[in-house]
Number of protein chains: 2
Amino acid sequence: MGHGEAAGFVTLRGEEELVRRAGDLFASAREEFLCGAADLVTWSGGVNAAFADGKRPPLRPEREGGLAMRKVYTRRALGDPHSERRLAAIAASGAQVRISAAPLAREAIVVDRRVAILAGSEARGPRTYTVVRAADVVEGIHSLLYATWEAAEDVADCLGAAALPELDEEARSVLGALSAGLTDEAAARRLGMSLRTYRRRVAGLMAAVGATSRFQAGVRVRGR
Amino acid sequence: MGHGEAAGFVTLRGEEELVRRAGDLFASAREEFLCGAADLVTWSGGVNAAFADGKRPPLRPEREGGLAMRKVYTRRALGDPHSERRLAAIAASGAQVRISAAPLAREAIVVDRRVAILAGSEARGPRTYTVVRAADVVEGIHSLLYATWEAAEDVADCLGAAALPELDEEARSVLGALSAGLTDEAAARRLGMSLRTYRRRVAGLMAAVGATSRFQAGVRVRGR
DNA sequence: GCGCGAGTGGCACGTTGTTGCCAGTTCGGG
DNA sequence: CCCGAACTGGCAACAACGTGCCACTCGCGC
């Protein structure tokens, strides 16, 4: 493992090695297990295996005592009914699950604010995982991941709203114009499209969120 | 220095050493300078000094070319008029400034997705800063900080919001009608007031939040 | 090329929202 | 009682938004 280990971090290759060399980290969680990922694919089978029955202290869904298992995903995790069922199962097992509006390009885990695990790029070869133990770095990572956790909303409030489709680049710019309080005419000019097309976009957006007035659309669309 | 440096990170003590040993990192930013902090105290004088005139490429407030200077703070940075003025100045200089609803316990900077700097605890002795260069760790930190950035809202939408007055009972019911997507006519009937008066209420609300369209009002009023 | 479907932009017209103006009401001092 | 301030509701003119219709352009497959 070279220099890294002595200095506070080590890179592992592939999920198998992660489970073998760091699996006990997961099972050793006592206070908090904070986990962020784009969807349910990462940290999948192997990592969960490390949490095999009995190897994990009892969860505390709400407060006081036990382990706080906190998982934050993006909307990608809400895509299909299958994912939603798995999410519901996770939540039912006592974990706190939230959905972040922001993208999470790299998966991350922080255990008891003492160890952080960062997933590497999926690009080439087996996936890598970097285990970080340097206190200041772990604290920094925890701070950021916790901020994302705090800013996310409970999955229970999202399941119904799951029908929300992803917004493409154009939709976001239309949203920006609407949020800026521009009139349709000004907004269309700024975005370089005709008034008619701009209004088509707005109508499409409103239909997408099921709003019947622009005010309602603004409320529903806030934060996306 | 020790093992850390060879392995990808090094801890510096005090802001003076940070500027001396890592100041050129700041000035070397080319693509993106992403910075998260609870308030305007950290990264204060010393770090800004590293950005002395001419040592920094031109900013690109919006798109294409130049350096994207992105700063995300918590609401603590909005406390007093003095802070607000400094924030406004930062934004006016071409930086993109956002306010995160979540706490940021530790300050963090990521430069060009190549180097991360994490502030240590303020608890004992001079403040420490950890400079991280290990690619996977930096990418992971960037991913998290960027997620916080994405989830935060533009400071321009927050400055006015500081002075948001409390809403009385009637205002809340008007808000409810608006959020329900009713037309003015239906809303006025439901609330038992005339169309004219209802519209007066709406106009008052919009003026109170400084919105120029109902959509914008919906965005600004969300969650109150 | 031809037909086809998707997307765009112009136009018209209906609906909804915004505002000034004024008359009527209520309430509290003088 | 009278006055004025604050509020309400009706009316009207105007601005803004919503949408159906049609002509036009692209790109695609035959």
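Computed from a predicted structure; not experimentally measured. Numbered from 1 within each chain, the chains take letters A, B, ... in sequence-line order.
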- request: State which residues pass side-chain contact (heavy atoms from CB on, under 4.5 Å) with B:Arg190; sequence neighbours excluded, sorted by chain then number.
  value: B:Leu182

message: I'd like to know if B:Arg113 pairs up with B:Glu32 as an ion pair, taking the criterion as any Lys NZ or Arg NE/NH1/NH2 lying under 4.0 Å from an Asp or Glu carboxylate oxygen.
response: no

query: Which residue, B:Arg199 or A:Val202, contacts DNA chain D at a nucleotide closer to its 5' end, judged by nearest heavy atom?
result: B:Arg199

statement: With sequence neighbours left out, the residues meeting side-chain contact (heavy atoms from CB on, under 4.5 Å) with A:Asp136 are B:Arg106, B:Thr128, B:Thr130

Minimal non-hydrogen separation, A:Ala37 against A:Leu104, with atom names: O-CD1, 3.6 Å

query: Taking the six-membered ring for Trp, is the centroid-to-centroid distance between A:Phe215 and B:Phe215 below 6.0 Å?
result: no

- prompt: Quick one: side chain to side chain donor-acceptor pair (under 3.5 Å) partners of B:Tyr146, sequence neighbours excluded?
  reply: B:Glu150

task: Could you note down all residue pairs passing salt bridge (charged side-chain N to carboxylate O under 4.0 Å, His left out) where residues 197-217 of chain B supplies at least one of them, sequence neighbours left out?
output: B:Glu170-B:Arg201, B:Asp184-B:Arg199, B:Asp184-B:Arg214

message: What range of DNA chain C does chain A touch, first nucleotide to last, counting atoms under 4.0 Å from its heavy atoms?
response: C:dT8 to C:dC11

query: Do B:Trp149 and B:Gln96 touch side chain to side chain, with heavy atoms closer than 4.5 Å?
result: yes

task: Not counting sequence neighbours, which residues clear salt bridge (charged side-chain N to carboxylate O under 4.0 Å, His left out) with B:Arg196? List them please.
output: none

task: Please list, by residue number, the residues of residues 182-195 of chain A whose heavy atoms come closer than 4.0 Å to an atom of DNA chain C; answer none if no residue qualifies.
output: A:Ser194

statement: Here the gap from B:Ser28 atom OG to B:Asp112 atom CG, rounded to the nearest 0.5 Å, amounts to 6.5 Å

- prompt: Rounding to a whole Å, what distance do you find between B:Arg214:CZ and D:dG18:P?
  reply: 11 Å

- prompt: With sequence neighbours left out, what residues match B:Ser83 under side chain to side chain donor-acceptor pair (under 3.5 Å)?
  reply: B:Asp80

message: Which residues pass the side-chain contact (heavy atoms from CB on, under 4.5 Å) test with B:Ala22, not counting sequence neighbours?
response: B:Leu12, B:Leu18, B:Leu25, B:Val131

message: From OH of A:Tyr198 over to C1' of D:dA16, roughly how many Å is that when rounded to an integer?
response: 12 Å

Qualifying residues under side-chain contact (heavy atoms from CB on, under 4.5 Å), relative to A:Ala116, sequence neighbours excluded: A:Val110, A:Val132, A:Val138, A:Ile141

- prompt: So how far off straight is the helix from C:dG1-D:dC30 to C:dG30-D:dC1, going by the axes through five pairs at either end, to 10°?
  reply: 20°

Would you tabulate the nitrogen or oxygen pairs shorter than 3.5 Å linking the protein to nucleotides 20-22 of chain D?
from	atom 1	to	atom 2	distance (Å)
D:dG20	N7	A:Arg196	NH2	3.3
D:dG20	O6	A:Arg196	NE	2.6

